[in-house]
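Position 1 is the first residue of the sequence, and the numbers go up from there. Order of listing sets the numbers, starting from 1, for every ligand and every atom in it. What you are looking at is a predicted structure, and each value in this text was computed from that prediction instead of being measured.
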Amino acid sequence: MTTIITGNKIREDFINYFKQKGHTFVKSSSLVPGGDQTLLFTNAGMVQFKDVFLGTDNRHYTRAVNSQKCMRVSGKHNDLDDVGRDDFHHTFFEMLGNWSFADYYKEEAISWAWELLTSLWGLDKSKLWVTCFKDEKGEIPTDEEAANNWKIQSGLNPKHIVYFGRKDNFWEMAETGPCGPSSEIHFDMGEEFCDKKDDKAHICGVNGDCRRFLELWNLVFIQYNRLGPDELVSLPTFHVDTGMGFERIVSVLQNVDSNYKTDLFLPLIDIVMKLSGQSVEERKKNFTPYRVIADHCRAASFLIADGVVPGNVGRNYVCRMIIRRASRFGSKIGLDIAFLGKVAEKVVEIYGDAYPELKKNRNTIIESLTREEKRFHNTVEGGLTILDTYMASMKNSGDRKLDGDHAFELYATHGLPLEITKDVLREKGFDVDQDGFFKAMEKHRVNSGAGKEFGPLGGEDSEFYSEISSQLEDSGSLETSGIIFDPYSSLSIETEILSIIKDNHTVTSISAGEEAEIVIGSTNFYIESGGQVSDSGSIFSKDGKGIFSVEKIRKPSPGMIVHTGTVQSGKMEVGQKVISSVDLKRRQDIQRNHTATHLLHAKLREVLGEHVRQAGSLVAPERLRFDFTHPEALTRDQLNGIENKVNESILDNYFINISHKKLDEALEEGATALFGEKYGEDVRTISIGGDIPFSYELCGGTHVSDTGEIGTFIITSEGSVAAGIRRIEAITGREAYRLIHKRVGILKESADILECPVENFKNTLNKMIDGRKVLSSRIHQFSKSAALAKYEQLKSNVEVVQGINLLTMQFKDIQIDILRDLADKFRNDFDKGIAVFANIDLNSNIQLIVTVSDTLTDKDFHAGRIAKSVSKELGGSGGGRPNLAQAGGKKIENLDQVLSEIKKYIN
Ligand SMILES: [Zn+2]
Ligand SMILES: [Zn+2]
């Protein structure tokens with residue numbers, strides 16, 4: 001028996017093979033696509049090279065090799081249903097690829113693919129088939145070049161070269177743009193693998209849609225640019241983009257019939273089996289939960305390593321949903337403890353060498369999974385019970401589909417993601433109205449005022465601005481690289497007005513009072529990015545007559561920058577020499593907050609731990625806001641510690657070290673890259689802290705030159721923004737001084753009121769509060785003795801009605817417990833008596849205590865009833881026991897009358 005080649009070795013072989021052929025290894029980009037708001041997750045190897053094909057980005061290499069992390073699961077349309085139910089669908093997968101950017105072409109791509117598969121990996125040549133492009137419409141030339149290159153590969157059966165049309169063998173990025181024919185390599189597993197033998201219409205062959213032929217590798221030859229539906233032009237340079245599904249090639253090379261039987265998944269499945277205590281037989285019978293848990297846990301681990309936390313929208317929702325789905329499938333095989341952390345440990349073990357981010361974030365992955373699992377466990381029972389009742393009533397009514405509102409309710413209040421609701425329903429032969437669910441969700445979002453996570457990319461007007469920049473390029477007034485953008489060197493620069501846009505038209509001049517957009521040859525205004533807001537300022541003519549105030553600045557199309565604002569005086573004209581001047585004070589405030597944000601980030605990690613990651617940031621002139629991952633509220637001590645440390649770093653007056661280097665080098669050195677940011681190959685780094693910096697980030701923002709410029713840093717608030725995400729708001733510099741000044745002022749004024757120095761304020765205040773307590777207890781004592789004296793005085797002249805002693809007394813502003821004492825005393829003094837004690841407090845509320853001697857309560861006299869009827873006339877309420885009751889009211893004007901009428905009750 002031959003030894004089986006491991007998955008890790010296969011990945012390594014692929015990379016090394018192409019490295020030997022002069023390719024540069026490019027690390028997988030994050031699962032969170034940087035700078036592309038239209039894409040939920042990186043879903044193909046080409047995502048990080050898209051800009052190279054579009055010609056908007058350059059790389060120092062022309063050949064690349066990579067293994068890209070990909071996710072294919074999205075909110076509305078996904079094949080998640082298939083994951084776990086078959087052997088080859090995954091949420092997360094790896095894509096191996098080799099790339100040529102205007103370098104080699106079909107000859108090399110084809111012969112290398114053949115050599116790698118057949119010589120290095122030793123695949124049986126007779127089982128390989130290849131496809132080439134032949135246009136069914138006859139408009140685009142047949143790719144004979146590819147076919148001819150295949151014909152010369154030794155051992156490839158010429159009959160195994162087959163042609164397919166646009167759907168299978170022509171690749172396009174979008175409706176317009178780079179495109180070209182592709183050539184696929186398929187592997188014949190053998191006739192016995194055909195799962196459509198019973199289907200009479202089935203033609204068993206390549207692209208025949210059965211399990212016999214597996215597509216291994218897709219080679220795309222980018223040679224055209226599509227300008228419109230019928231217009232295809234040749235590109236000046238040709239590219240190669242290839243993609244090989246990693247899990248699939250591993251299954252073929254390990255000679256197994258399921259991706260889940262490869263060593264990429266088996267160790268995960270083994271650990272699940274061990275935890276569940278099931279036997280191999282039981283596992284075979286119950287394979288779906290195993291597949292789902294292995295797939296979802298692997299995907300969630302990679303997501304968390306890339307900074308995605310479980311949550312309610314977008315990527316965070318997907319992360320939450322797959323964890324919960326894995327957890328529920330776990331409960332189907334008897335796993336009800338938090339178990340995903342254990343599976344994730346294995347994921348880190350298998351993949352940690354190829355993807356070091358897993359190792360680096362090991363603890364965060366395990367903690368996040370476990371926390372989310374526990375959170376789900378706390379609510380899932382309730383949700384499933386309700387779903388059961390829905391199913392019972394659907395059974396009665398004959399409905400097959402659960403309506404969207406109910407499904408959404410299950411998610412919103414019981415944490416059951418749609419996908420789980422669907423799983424449960426389908427297991428019982430029902431379904432769910434998905435469109436209705438999304439409608440309900442949308443309604444909820446609108447009602448709760450929450451925004452959509454993913455808006456459209458760019459403005460609709462980007463074409464208009466591209467047109468302007470082409471015109472400027474043609475006339476020679478603009479470099480092809482676009483407008484010079486340099487917000488870093490000087491806050492005041494000389495430049496020239498290239499274009500003026502008013503109401504979507506270009507104009508030659510604008511005058512005082514007019515609003516417009518101005519394009520200048522180079523700009524020193526910062527454009528909102530990385531959380532830092534845009535600059536404001538002005539553009540004015542060199543003679544100082546024309547002044548244009550800049551309120552907004554934006555990048556409507558690649559290379560184009562426009563300044564929006566109003567002409568304050570004079571006239572602005574195309575061709576005019578101008579000074580572009582950034583508002584200095586505002587910029588300084590922004591810079592203080594930006595550098596302070598870096599200090600805060602570093603100190604948060606120092607105080608709370610390495611799991612802290614930036615999850616959002618705002619750097620404005622008046623404040624900074626920083627969102628980060630952390631499971632619980634910060635204590636006062638932690639907040640004080642962080643604030644102190646930041647202020648110490650400010651006083652240490654560190655130099656801010658800014659350099660430019662290669663992305664790989666910076667990451668190697670340990671620079672923090674921010675989640676969701678897109679980085680080019682060349683990056684700018686900011687480090688603070690001297691030789692051994694304590695803060696080292698990739699950042700394109702503007703900063704102070706020394707930390708001392710920040711002045712002071714004050715945290716103004718700390719709170720929660722979403723599960724597992726905290727937010728700190730803070731101020732610096734002038735804003736911090738203003739706050740300190742204001743608060744010190746209040747303190748001084750307060751001390752003046754107490755006529756003491758500020759230093760003694762707290763003591764003096766405490767003493768006053770103590771003194772006040774003593775005083776009020778004395779007042780209480782005094783009113784009590786006064787009330788008692790008055791009672792003793794009246795006691796001897798109580799009125800007697802039908803043999804019953806009757807006493808009513810009125811007081812002002814004494815405590816109710818004194819009235820109770822009097823009532824007790826009265827019952828002691830009189831065998832047969834009824835008394836009512838009334839008090840009017842400082843707020844003009846009446847309080848009454850009614851008491852009846854115990855000997856009378858047997859004879860149908862009831863203090864509670866008396867209190868109740870009395871209170872009615874006082875406009876309040878009352879009640880109590882037979883011998884003691886209480887009442888209240890507001891109508892002071894009725895009080896005398898009510899007291900004098902007590903006699904009536906006795907009669
Ligand atoms: Zn077949
Ligand atoms: Zn920054």
query = Does NZ in Lys552 sit with more than 12 non-hydrogen atoms of other residues, nucleotides or ligands closer than 6.0 Å?
reply = no
ask   = Hey, is Arg291 close enough to Asp86 for a salt bridge, meaning N to O under 4.0 Å?
value = no
request  = Measure from the Zn ion (ligand 2) to each N, O or S atom of His598 and report whether any distance is below 2.8 Å.
outcome  = yes
task = Rounded to the nearest 10 degrees, what's the angle NE2 of His594 makes with SG of Cys699 at the Zn ion (ligand 2)? Could you check?
result = 100°
query = At the Zn ion (ligand 1), what is the angle formed between atom SG of Cys194 and atom SG of Cys210, rounded to the nearest 10°?
reply = 120°
query = Does a salt bridge link Arg586 with Asp589, judged by any charged N lying under 4.0 Å from a carboxylate O?
reply = no
ask   = Under the criterion side-chain contact (heavy atoms from CB on, under 4.5 Å), which of Val309, Ile725, Thr629 is the partner of Arg613?
value = Thr629
inquiry  = For the Zn ion (ligand 1), give me the closest N/O/S atom belonging to His202, just the atom name.
reply    = NE2
